[in-house]
There are 2 protein chains.
Amino acid sequence: MPGSPPLRLSPADCTCFRIRSAARRVTQIYSRHLGPTGLKISQFSLLGFVAWEGPVSIGRLSELLATDRTTLTRNLKPLLDNALVARAPSDDRRRHDLVATPAGRALFKRAIPLWTAAEQEVRAAMGAKLTSELHGTLDRSMERLAAL
Amino acid sequence: MPGSPPLRLSPADCTCFRIRSAARRVTQIYSRHLGPTGLKISQFSLLGFVAWEGPVSIGRLSELLATDRTTLTRNLKPLLDNALVARAPSDDRRRHDLVATPAGRALFKRAIPLWTAAEQEVRAAMGAKLTSELHGTLDRSMERLAAL
DNA sequence: GTCTATTACGTGTATATACACTATTATTGG
DNA sequence: CCAATAATAGTGTATATACACGTAATAGAC
């Protein structure tokens, strides 16, 4: 089996540029829908994870969300300030477990239909086939890139 | 032809979360490689576009990069401060045309091999098939989402 | 030729992101 | 028990992102 020909790569072929552009575009659409709740899309995700995973540490969230630990510290601030999430002491005093407050859970529930509308707008524009292709491709890419 | 069954969407199916996670992951890899140049990946892209497109306005760059105009104003600051990009007056005094300086073009050239290494690391981890699938899916998604 | 609508751009504000560094608490080896 | 090590988290700094708003200059209407 012969080796592949040497690829001629140009910066126009940049995987990073493509994925960052798409992320910006998609983020704008979701943000528009979520506007009335006062939640940004990343806050929606973060609040959802905290609500689902029950008491959870920053470090654990960092794994679940594939986000740097210190980024989450900053991202949590608006949620803590607005009392949507609260810190709870844990047995290990190095950790601060995070829980969603009743207000946080209520807001998340109110946000779900708006998120659904955003998701449906995107899926309607892309079509079911492209949507599932995109999800599958991204999921597999994340698996392959996790090792790096 | 019957309609599709009503989709039951859960926030775990979020397209935005997937694409943002992947963008974060990919960005980290490229940033690591580009570190020695002092350029972030977005600066590499921006500098490259300015160098290629010759004298170009902020508004035009905004279309090319699918980035908000005001974001580019901020993103350009480090490049202007480091004299990698310069403003040139244009016939229309509302516009400030941007050009890459010799230092900017030289740095971009030095950065290309590092970008290539990043691109190859990502492609090696993902495989050629998944890479081309990802690119195609992202490109088609951007087309479909541009209308929104 | 002026007045107005449009175009092109920057600023204020707020969030998102992550690396290097620091501080605190647990754990483990002796 | 105590010192060294590991684990957990926050801060300082810098960039990335975009909406709402304000400003300056051009183009068009008349």
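Numbers restart at 1 for each chain; the letters A, B, ... are given by sequence-line order, proteins then strands.
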Rounded to whole Å, how long is the line connecting atom [atom1] of [X] with atom [atom2] of [N]?
X: Leu79(B); N: dA14(D); atom1: CG; atom2: C1'; answer: 14 Å
X: His33(B); N: dA18(C); atom1: NE2; atom2: P; answer: 16 Å
X: Ile41(B); N: dT15(D); atom1: CD1; atom2: C1'; answer: 14 Å
X: Arg60(A); N: dT8(D); atom1: CZ; atom2: P; answer: 12 Å
X: Tyr30(B); N: dA18(C); atom1: OH; atom2: P; answer: 16 Å
X: Ile19(A); N: dA16(D); atom1: CD1; atom2: C1'; answer: 16 Å
X: Leu80(B); N: dT15(D); atom1: CG; atom2: P; answer: 12 Å
X: Arg24(A); N: dT15(C); atom1: CZ; atom2: C1'; answer: 16 Å

Upstream residue (5' side of DNA chain D) when Ser31(A) and Leu76(B) are each assigned their closest nucleotide: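 Result: Leu76(B).
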I want to confirm an ordering. Mapping Asn75(B) and Asp97(A) to their closest nucleotides on DNA chain D, which one lands closer to the 5' end?
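Its nearest nucleotide lies further toward 5', so the answer is Asp97(A).
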(message) Just by distance, no angles: are the side chains of Arg18(B) and Thr15(B) close enough, under 3.5 Å, to form a donor-acceptor pair?
(response)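 No, no side-chain donor-acceptor pair sits under 3.5 Å.
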So, is [X] near the phosphate of [N], with a side-chain N or O under 4.0 Å from OP1 or OP2?
X: Gln28(B); N: dT17(C); answer: no
X: Thr27(A); N: dA18(D); answer: no
X: Arg87(B); N: dG10(C); answer: yes
X: Arg20(A); N: dT17(D); answer: yes

Would you say the base of [N] and the side-chain of [X] have a donor-acceptor pair closer than 3.5 Å?
X: Arg74(A); N: dT13(D); result: yes
X: Arg69(A); N: dA9(D); result: yes
X: Thr70(A); N: dC19(C); result: yes
X: Arg93(A); N: dT25(C); result: no

Practice item. For residues Leu79(B) and Leu39(B), determine if any side-chain heavy atom of one lies less than 4.5 Å from a side-chain heavy atom of the other. Key: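 Yes, their side chains come closer than 4.5 Å.
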Which nucleotide in [options] has an atom nearest any side-chain atom of [X]:
X: Thr73(A); options: dC9(C), dT11(D), dA6(D); value: dT11(D)
X: Asp92(B); options: dT26(D), dC19(C), dA18(D); value: dT26(D)
X: Ser42(B); options: dA6(D), dT15(D), dA18(D); value: dT15(D)
X: Gln43(A); options: dA16(D), dA25(D), dA16(C); value: dA16(C)
X: Lys40(B); options: dG10(D), dA16(D), dA18(C); value: dA16(D)

- prompt: With nearest nucleotides of DNA chain C determined for Ser57(B) and Asp68(A) from heavy-atom distances, which residue corresponds to the more 5′ nucleotide?
  reply: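 By nearest-heavy-atom nucleotide position, the 5'-most residue is Ser57(B).
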query: To the nearest 0.5 Å, what is the distance between CZ (Arg144(A)) and CZ (Arg25(B))?
result: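 If we round to the nearest 0.5 Å, Arg144(A):CZ and Arg25(B):CZ are 14.5 Å apart.
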Quick one: does any side-chain atom of Asn82(B) pair with a main-chain N or O of Leu84(B) as donor and acceptor, under 3.5 Å?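 Checked: no pair found.
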- Measure from the side-chain N and O atoms of Thr131(B) to the backbone N and O of Met126(B), and report whether any donor-acceptor pair falls under 3.5 Å.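 Flag not set: sc Thr131(B) to bb Met126(B) has no pair under 3.5 Å.
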Students often mix this up, so state it plainly: with edges at 30° and 60°, are the rings of Trp115(B) and Phe44(B) parallel, tilted or perpendicular?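 Correct class here is parallel.
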